[in-house]
Amino acid sequence: MAIAKRKFDSLVIGAGGGGLRAALQLSRAEATVAVVSKVFPTRSHTVAAQGGMNAALANVLPDNWHWHMYDTVKGSDYLGDQDAIEYMCRAASHCVIELEHSGVPFSRLDNGKIYQRPFGGQSQNFGGDQAARTCAAADRTGHAILHALYQQNIRAKTHFFDEYFAVDLLKDDEGYVLGALVLDIETGEPLIIEAKTTLLATGGVGQLFRTNTNARINTGDGMAMALRAGIPVQDMEFFQFHPTGIAGKGMLITEGVRGEGGYLINKDGERFMERYAPHARDLASRDIVSRAIAIEVREGRGCGPRGDHVLLKLDHLGADVIHKRLPGIRETAITFVHVDPVDTPIPVFPTAHYTMGGIPTNRFGQVVAPLGQLVEEPVPGLYAAGECACVSVHGANRLGGNSLLDIIVFGRAAGNHIIGYLQENHYHRPLHADSVDRGMQRLARWDQQGDGESVDNLRMELQREMENHCGVFRTAEVLQDGVVKIKAIEQRLQHARIKDHSKIFNTARIEAMELENMVDLALATVISAQARQESRGAHSRVDFPERDDVHWMKHTLFFKEGYKLDYKPVRTKPLSVDSFPPQKRVY
Amino acid sequence: MQFLIYRYNPDTDSKPYMQQYTLPEIEPGMMLLDALLKIKASLDDSLSFRRSCGEGVCGSDALNINGRNGLACITPLKSLKEPVEIRPLPGLPVIRDLVVDMTQFYQQYRAVKPYLTVHDPEPEIEYEQTPEQRDRLDGLYECILCACCSTACPSFWWNPDKFRGPAALLQAWRFLADSRDQATAERLQDLTGAYSLFRCHTIMNCVDVCPKGLNPTKAIGNIRKLMLKTQL
């Protein structure tokens, strides 16, 4: 049976902020661009980002990009690549202004400029007073940005393939990526999209953990596609736990609450962050606040009948500030815990939130891998941007407000680099049939009939094991056990079956393929974590409590084949300024 | 808890039917989406519906719940009378089960040119906007395009190809209300005629069902007032 084919200059997989920003750049440059997304674009998870986007506009307090760079390097626990970080922080202001010109309804200051709020890990003058760097549209900044980008893409006549699921990348023998095999969810029919370049912008894999702030679509599809194409994923052991997810449920309560002046208390009513971060207190970086909460609970100072959470107090901000600056999280707290933060604190606990690791790229968005001689060789035709990529600007711990920045800066950078690539590569290279066959086999596997384990049971078990074995605090023993358990799940997945074999809008089949993706990434995460014998950023080893710059200031690379690990050095040399050498990290 | 759910698979069913499901265990605080996920996971993996964020911000899981449009993820089970009757959003073609074809809805959204349009050269800094000017966008920009409103609107049921519907008109006003936008005349011109705007008969179902508490009827009224003002 012949598979339908479409041809574009450029393919973008994923329609969150990174994908849409890249697509906009390409459409405006009059390249033909196809955006493939398994959900309608404004359902992408960027929509859920709350607090804002960092840029040293200095609208509220003195600021400059170099201070932002320092904070980001320090926040990354010195695992971030300083060339990419310099690039991002320098580009930030321009990127925010572009978004504003595109229609993003940022909140405003009395002088008519964009409102900025303080966020965690921000400082003036290289570690001095708190900065206010996060540009916000109330607490719905991601929604505001995603909708504006989609709207501008409508204007630019970008071609959308809504509700198409990306199955696999298509490659030729020389390693060029030539597009992807995708599945039209509505009809159940496969489609080949040929493109001279392919950008993966598929987001993170927060669904690896039972309690998470993420949408159910965040299953790491692009990262897993890269793994299956022989490309490693980088630094997967660094997974961010957001300090303030709603306890037991996981819905995100923005760091902006603490930026606006809210703070955490334990069962004694003590403002405990003063003990852990005397200077920055509740606005220390996320890894530090999350560990502090976990310790408070472990040592018996948690709140509630089971002592299993702490409280986020914001009633003292007053109803006006909450209605004006934090209306979204107020709604969420009322809906899910029946608490109105105007007068009652919100129960919170660290919750899986953000994948610092991902597909290795350089600061142009090109996917780079150790293909031959070099440790970082561009994979021709393949790009990645946003949470699915690892540039790495977040290193071992991302600062709040830097993820919206990351997707916009590097979505745009990838778009620009692709435009250059298209100028040098005028023609589509011929497609190889066996590359398509592999993707078709992946689809056909779920047509197998008969009895077998259910996909949903395996998914829940995977999430439980990841939470138990790869959480905020880790040890060799627990990680080793985790590796064994996840490998067993990988084996059992071979025998899983779905019952629904119909074609039209078969979501059981999509969920099965999402689980395959998640299992690969769970293995990458737990195996990378087991190997790293130090504590750095979000990766906290009880048995190796110190950071070890001599042995471990390097990036992890995990390959699917043979679960192989490799390492590459951190890029410590910025583009134009002096390097920030590793220092003890104090907030 | 008892559920009656609309089923239709064009591959196998000649016509739609209602299927009964029973969930023995309902935990406190469970939302309707949790129940649907549980039914799909434990009873019937062929039940199809859209879902994503699970917290009322992405707009995927709009359904007709006991006769009223709403988002499954923020509808508490304890607020619902049994058996809970769940149907796809009314007025749109059904693809399968609870999944509707939203093409017409999205076309109407596109038709209002929902993007900021500025004709002047762009400054190197942000366009200035006072907090009061920005306040006018509150209650407008928060729309999540879930389609609860437009598919609850009898005028949209009758003329989904010609009447823009409450969701699209809310966005039309969002840009008319934006102090930065310079396409007022074109936007108003696009909405003249008997259908695009004027098929709204202020039935206000849209306001009643909006899960974000927005008010499309008021936005439509504002567009009409502005039209009148510019014509005088």
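In what follows, every chain begins at residue 1, and chains take the letters A, B, ... in the order their sequences are listed. Nothing here was measured: the structure is a model prediction, and the numbers come from that model.
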Name the region of [X], side chain, backbone, both or neither, that has any atom closer than 4.5 Å to a heavy atom of chain B.
X: A:Asp500; value: both
X: A:His94; value: neither
X: A:Glu331; value: side chain
X: A:Leu109; value: backbone

*What residue, out of B:Asp181, B:Asp97, B:Thr117, has the most heavy-atom pairs lying under 4.5 Å from chain A?*
B:Thr117
*With sequence neighbours left out, write down each residue that passes ring pair (Phe, Tyr, Trp, His ring centres under 6.0 Å) with B:Phe3, or none if nothing qualifies.*
none
*Side chains of A:Thr507 and B:Arg50: donor-acceptor distance under 3.5 Å anywhere?*
no
*Distance-only side-chain donor-acceptor flag, A:Asn111 / B:Glu128, under 3.5 Å*: no
*Looking at side-chain heavy atoms only, is the closest gap between B:Ile95 and A:Ile504 below 4.5 Å?*
yes
*Report yes if some heavy atom in the side chain of B:Pro114 is under 4.5 Å from a heavy atom in the side chain of A:Ile154; otherwise report no.*
yes
_Whether A:Asp110 and B:Arg134 form a salt bridge (side-chain N of Lys/Arg under 4.0 Å from carboxylate O of Asp/Glu) is what I want to check._
no
*Taking the six-membered ring for Trp, is the centroid-to-centroid distance between B:Tyr127 and A:His101 below 6.0 Å?*
yes
_So which residue, A:Glu511, A:Lys249, A:His45, ends up with the most heavy-atom pairs under 4.5 Å with chain B?_
A:Glu511
